[in-house]
Each structure stands twice: as C-alpha cells, then as structure tokens.
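Bear in mind the structure is a predicted one, so any value in this text is a computation, not a measurement.
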Amino acid sequence: MRTFSLLKGLPVYELASGQKLGEVCDVSISGNGSVVGLLVKKGAFIKKTFQVKVDQVSSFGEDGVMVKDKSALERLETEPEYTFEHNKSLAGKALLTKEGEQLGLLEDVYFMEELGTIVGYELTDGFFSDIANGKRVIKTTGPPAIGKDAIVVTVKSR
C-alpha cells in the first residue's frame, strides 16, 4: 500500500538503461475512485506532462518508480478525470459518509500500487487539530462518489 505523498517527487527510471525519465508530480484518478496512472513531469526548462499507467509500472520503490522502457510514458492528450493536486483536484475536498457525517478534509490517499485501488483516505481537521489529535486514516469499501463539493464514501466497519 502506498500514499500519494510518498510518490510525489520520486524519479521515474527506465529498467533497461537506468535513464531517468522524469518525476512523479500527481496521480490520475478515475471517476470510480481508482488510480489510473502517475503524472510525470519531464524536461529541463519547458516541462511537459506525461502519464504512466499503473499497469506499466514494474515496481514502486522507496527511491524511485521503475518502468520497463520509455514507451511507458504516454503524452497526456486529454486532461485526467480527476487528479490529487492539479486539474479537478481532490485534495482538500470534504469527505462524507453515506449517512451524511462529515469526516474531515482529504489530505492524502492510500492505494494498492498493483491495482490502483484506493483503500483509504488520510483526513485533516485543520493544522491545530492535527497537532493536538493527529491525522486520521479512514478505510473504505467500494468506490466513492466524487462530486464537485465532496467525496461520499462507505466507511469500513471495525
């Protein structure tokens, strides 16, 4: 299991040559709440954004993401349905249960690397609350309903 915050900024390497292809800058998330791919910035002065689909990643390491070869990088022709931080950002959205209880604001996502399935959400109630009480992680079942104003989830019973 991996969080987006651990992936952000990691270099993406080609297995065959060890060449650095770019750095992870965001994740592409589908409307049904699964991670479709990693958004990778590439270039020295003019950075272009590419996508690496989750099934094209050979391994997720602590210090880098490995892909078989540079053909795994696809030009980003259309904007992703949702991202974590950029276009149609999910970060900072309110997370609600199906029963209407507000859980907090989305700070990070936990997902299964191989499948891209989001299995948990890290929530914040604000800076001072996080210092006093810490951040909370909510585990969910089933896909979320992602809306303009909030994300509605089914919370896994303990």
Side-chain angles (χ1 to χ4, degrees), residues 1-13 21-41 49-68 72-74 76-158:
M1 191 163 37
R2 180 75 56 144
T3 63
F4 167 65
S5 61
L6 291 176
L7 283 178
K8 186 177 178 186
L10 281 183
V12 177
Y13 294 102
L21 302 176
E23 291 183 354
V24 176
C25 65
D26 209 337
V27 290
S28 173
I29 300 172
S30 70
N32 69 358
S34 61
V35 175
V36 177
L38 307 177
L39 299 182
V40 177
K41 289 274 187 194
T49 304
F50 294 83
Q51 178 171 271
V52 174
K53 296 224 163 102
V54 170
D55 62 0
Q56 294 293 311
V57 175
S58 297
S59 63
F60 290 87
E62 288 183 31
D63 301 314
V65 176
M66 307 302 286
V67 297
K68 186 176 178 181
L73 285 182
E74 300 173 0
L76 201 56
E77 302 295 332
T78 60
E79 289 295 321
E81 203 166 349
Y82 296 98
T83 63
F84 193 73
E85 291 187 337
H86 293 90
N87 186 36
K88 292 188 180 177
S89 170
L90 298 183
K93 277 195 188 267
L95 206 71
L96 302 167
T97 66
K98 288 190 175 188
E99 293 75 35
E101 177 189 351
Q102 181 163 343
L103 301 170
L105 302 176
L106 184 60
E107 177 108 345
D108 208 348
V109 291
Y110 288 79
F111 67 98
M112 304 296 285
E113 300 101 327
E114 305 82 20
L115 305 173
T117 307
I118 295 176
V119 293
Y121 301 87
E122 187 173 277
L123 305 175
T124 181
D125 287 323
F127 178 73
F128 295 111
S129 178
D130 290 348
I131 289 174
N133 304 319
K135 294 181 183 175
R136 293 175 294 133
V137 175
I138 302 295
K139 293 184 179 180
T140 60
T141 60
I146 301 173
K148 180 181 152 213
D149 301 314
I151 302 168
V152 180
V153 297
T154 304
V155 178
K156 191 181 254 187
S157 58
R158 295 177 189 168

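- Under the salt bridge (Lys or Arg N to Asp or Glu O under 4.0 Å) criterion, the residue pairs touching residues 50-64 are K53-E74, with sequence neighbours excluded.
- I138 contributes atom CD1, which lies 7.5 Å from atom CG of L95 (distance to the nearest 0.5 angstrom).
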Which is it for I29 and L90 under the side chain to side chain contact (heavy atoms under 4.5 Å, CB included) test, yes or no, and what are the steps along the way?
CA-CA 9 Å; I29 300 172; L90 298 183; 3.7 Å; yes

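- Checked against side-chain hydrogen bond (donor to acceptor under 3.5 Å, both in side chains), S89 has no partners two or more places apart in sequence or in another chain.
- Atom CZ of F60 sits about 12.0 Å away from atom CG of L6, to the nearest 0.5 Å.
- When all heavy atoms of E107 and T124 are compared, the closest pair comes out as OE1-CG2, 3.3 Å.
- Listed by chain and residue number, nothing satisfies the salt bridge (Lys or Arg N to Asp or Glu O under 4.0 Å) test with E79 (two or more places apart in sequence, or in another chain).
- The salt bridge (Lys or Arg N to Asp or Glu O under 4.0 Å) pairs that include a residue from residues 25-34 number zero, where partners must be two or more places apart or lie in different chains.
- Shortest non-hydrogen contact noted between V67 and A72 is CB-CB, 3.9 Å.
- For the pair T140/T154, no side-chain contact is recorded, criterion being any heavy-atom separation below 4.5 Å from C-beta on.
- Residues F4 and E85 are in side-chain contact: their nearest non-hydrogen atoms beyond the backbone lie under 4.5 Å apart.
- Checked against side-chain hydrogen bond (donor to acceptor under 3.5 Å, both in side chains), Y110 has the following partners two or more places apart in sequence or in another chain: E122.
- Under the rule for a salt bridge (Lys or Arg N to Asp or Glu O under 4.0 Å), K88 has no partner lying at least two apart in sequence or in another chain.
- Contact annotation: the side chain of L7 never approaches that of F84 to less than 4.5 Å [non-hydrogen atoms, C-beta and beyond].
- Annotation: side chain of V152 is in contact with side chain of K98 (closest heavy-atom distance under 4.5 Å).
- In this structure, the side chain to side chain contact (heavy atoms under 4.5 Å, CB included) partners of S30, at least two apart in sequence or on a different chain, are N32, S34, V36, E81.
- V54 approaches V35 most closely through the heavy-atom pair CG2-O, 3.4 Å.
- When every heavy atom of P144 is checked against every heavy atom of V153, the shortest pair comes out as CB-CG1, 3.9 Å.
- For the atom pair CG of L21 and CE of M66, the computed distance is 9.0 Å after rounding to the nearest 0.5 Å.
- Looking at residues two or more places apart in sequence or on another chain, you find a side chain to side chain contact (heavy atoms under 4.5 Å, CB included) between A150 and A94, L96.
- The main-chain N or O of K148 is found under 3.5 Å from a side-chain atom of K93 such that the two form a donor-acceptor pair.
- In terms of heavy-atom proximity, C25 sits nearest to H86 at O-CE1, 3.4 Å.
- For T49, the side-chain hydrogen bond (donor to acceptor under 3.5 Å, both in side chains) partners at least two apart in sequence or on another chain are K41.
- Residues meeting the side-chain hydrogen bond (donor to acceptor under 3.5 Å, both in side chains) test with Q56, sequence neighbours left out: none.
- In terms of the ring-ring contact (aromatic ring centres under 6.0 Å, His included) criterion, Y121 has no residue partners (sequence neighbours excluded).
- Every residue two or more places apart in sequence or in another chain that forms a side chain to side chain contact (heavy atoms under 4.5 Å, CB included) with K68 is listed here: S58.
- The side-chain heavy atoms of P80 and L39, taken from C-beta on, include a pair separated by under 4.5 Å.
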